[in-house]
Amino acid sequence: MSVGFVGLGVMGRPMAANLVKAGVELIVWSRTDRGDTPPGAVRVSEVGEVFARAEVVILMLATEQAIDEVLPAKLDGNLVVHMGTTSPEYSAGLGARIAAAGGRYVEAPVSGSRGPAEAGELVGMIAGDPEDLSRVRPLLAPLCKQVFTCGAVPGALLMKLAVNTFLISMVTGLAEAFHFAEGHGLDAALLRQVLDAGPMASAVSRGKGGKLADRDFEVQAAIHDVLKNNELIVAAARARGIASPLLDACRDLYASAAARGHAQADMAAVVHAFREPTH
């Protein structure tokens, strides 16, 4: 079975590479060509060729507009797998459009940043028709350490937003802890050691704590992407009348960090919103 992969960004490139390593016959397309085609994949010049040649097409695109721009008006039974993060409402509408165009649709957002993507240790959430999910699961095995079924569309994207609610608030709190320590003249490296030894330690806290201690903001999950996710969470909360006080505050902090020139930096760079507060 030929598989298409559209979008070779920070997350997409390592995901595509892991599919090739697993023996998948992969056809790829990306808006820009930075020499990022995984060895063994076939790169095509037109996105329409991906849909023409592949039975299953994975979309790892950053925005709803990007998806709209690549989706053909007609599909020949293609199973389209949406692995990015968009609003749940958009995804539900996308599924309906794909069905009307003659295709099938599965939501499959993932939790994890570039490191887990490179290691094939993402956490997948899938939603859709059970028969379609059974076709997609083997393709997620090289990408994810675990995959969870979340019912019908848009259940997977709602679950992803719930997961990101915890992730964003946790990393923002961690950044504030380092800012507090810095303000009191404490040793950031020592704070990192104490946190790593304690009951709150996790892969995320260790990774982001290291970045904060070392002031290393090389991107794993970029501020601008986190801000987009934060805005999706707040909008989904508002749509159901759900309070989101922590994510309301986090949204303002990530927006401030982005406005101060850190949009392309790792999400740990939200600490700059504390160091350089908006007046």
Side-chain angles (χ1 to χ4, degrees), residues 8-15 17-18 34 36 60 62 84-85 109-125 143-146 160-230 233 246-247 249-277:
L8 299 175
V10 171
M11 295 287 288
R13 202 276 178 188
M15 292 167 67
N18 283 335
R34 303 184 182 93
D36 49 9
M60 192 60 185
T85 305
V110 291
S111 179
S113 56
R114 187 178 67 184
E118 291 171 344
E121 294 182 348
L122 297 166
V123 175
M125 292 147 278
L143 311 179
C144 302
K145 61 181 179 181
Q146 279 190 275
K160 170 70 183 292
L161 296 184
V163 170
N164 279 359
T165 298
F166 179 45
L167 170 66
I168 294 170
S169 57
M170 176 174 60
V171 174
T172 310
L174 184 67
E176 187 166 353
F178 275 85
H179 175 66
F180 176 89
E182 180 182 272
H184 284 275
L186 301 178
D187 183 346
L190 181 59
L191 171 60
R192 176 187 180 185
Q193 292 174 35
V194 173
L195 289 172
D196 287 353
M200 297 174 294
S202 67
V204 171
S205 72
R206 290 188 176 99
K208 300 306 182 188
K211 284 184 168 295
L212 288 159
D214 298 338
R215 300 195 177 203
D216 163 27
F217 301 116
E218 181 182 0
V219 67
Q220 292 284 330
I223 288 279
H224 68 85
D225 288 328
V226 175
L227 177 58
K228 183 197 82 168
N229 277 260
N230 199 325
I233 293 165
L246 287 177
L247 270 291
C250 290
R251 175 195 54 198
D252 294 343
L253 290 166
Y254 283 93
S256 175
R260 294 177 184 282
H262 307 291
Q264 303 298 324
D266 187 78
M267 68 184 297
V270 72
V271 72
H272 292 297
F274 299 104
R275 291 174 177 158
E276 309 160 15

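Because only heavy atoms are used, hydrogens play no part in the values below, and waters and symmetry mates are left out as well, while side chains stay in.
For residues 187-215, no pair satisfies ring-ring contact (aromatic ring centres under 6.0 Å, His included), with sequence neighbours left out. Among residues at least two apart or in separate chains, side-chain hydrogen bond (donor to acceptor under 3.5 Å, both in side chains) pairs with a member in residues 110-123 are R114-E218.
Here the side chains of E182 and F274 are not in contact, with every heavy-atom distance at 4.5 Å or above. Residues V271 and L212 form a side-chain contact, since some pair of their non-hydrogen atoms from C-beta on lies under 4.5 Å apart. L253 is not listed as a side-chain neighbour of E176, based on a closest heavy-atom distance of 4.5 Å or more. Side-chain contact check for N229 versus Y254: every heavy-atom pair is 4.5 Å or farther apart. Counting heavy atoms from C-beta outward, H272 and R260 have side chains that stay 4.5 Å or more apart.
The side chain to side chain contact (heavy atoms under 4.5 Å, CB included) check on A255 picks up L227, with sequence neighbours excluded. For Q193, the side chain to side chain contact (heavy atoms under 4.5 Å, CB included) partners are L190, not counting sequence neighbours. Checked against side-chain hydrogen bond (donor to acceptor under 3.5 Å, both in side chains), N230 has no partners two or more places apart in sequence or in another chain. Residues meeting the side chain to side chain contact (heavy atoms under 4.5 Å, CB included) test with L195, sequence neighbours left out: L174, F178, L191, M200. Partners of A17 by side chain to side chain contact (heavy atoms under 4.5 Å, CB included), not counting sequence neighbours, listed by chain and number: R13, P38. Remark: R206 engages no residue in a salt bridge (Lys or Arg N to Asp or Glu O under 4.0 Å) (not counting sequence neighbours). The side-chain hydrogen bond (donor to acceptor under 3.5 Å, both in side chains) check on N18 picks up nothing, with sequence neighbours excluded. Here D187 pairs with nothing under the salt bridge (Lys or Arg N to Asp or Glu O under 4.0 Å) rule; sequence neighbours left out. In this structure T85 satisfies the side-chain hydrogen bond (donor to acceptor under 3.5 Å, both in side chains) test together with K160, sequence neighbours excluded. With sequence neighbours excluded, the residues that form a salt bridge (Lys or Arg N to Asp or Glu O under 4.0 Å) with D216 are K211.
Listed for the D266 side chain is a donor-acceptor partner under 3.5 Å among the backbone atoms of A221. Of the possible donor and acceptor atoms, none in the side chain of S256 sits under 3.5 Å from a partner among the backbone N and O of D252. A donor-acceptor pair under 3.5 Å is absent between the side-chain atoms of K208 and the main chain of M170, judged by distance alone.
To the nearest 0.5 Å, atoms NZ (K228) and CD1 (I233) are separated by 11.0 Å. Atom CG of N164 is separated from atom SG of C250 by 11.5 Å, given to the nearest 0.5 angstrom.
Among all heavy-atom pairs drawn from I168 and M267, the shortest one is CA-CE, 4.3 Å. Pairing each heavy atom of A257 with each of V270, the nearest pair is CB-CA, 4.1 Å. Residues A117 and L122 approach most closely at N-CD2, 3.7 Å, considering heavy atoms. Across every non-hydrogen atom of H262 and A269, the tightest pair is CB-CB, 4.4 Å. A263 approaches A222 most closely through the heavy-atom pair O-CB, 3.9 Å. Of all non-hydrogen atoms in G9 and P14, the two that sit nearest each other are O-CD, 4.1 Å.
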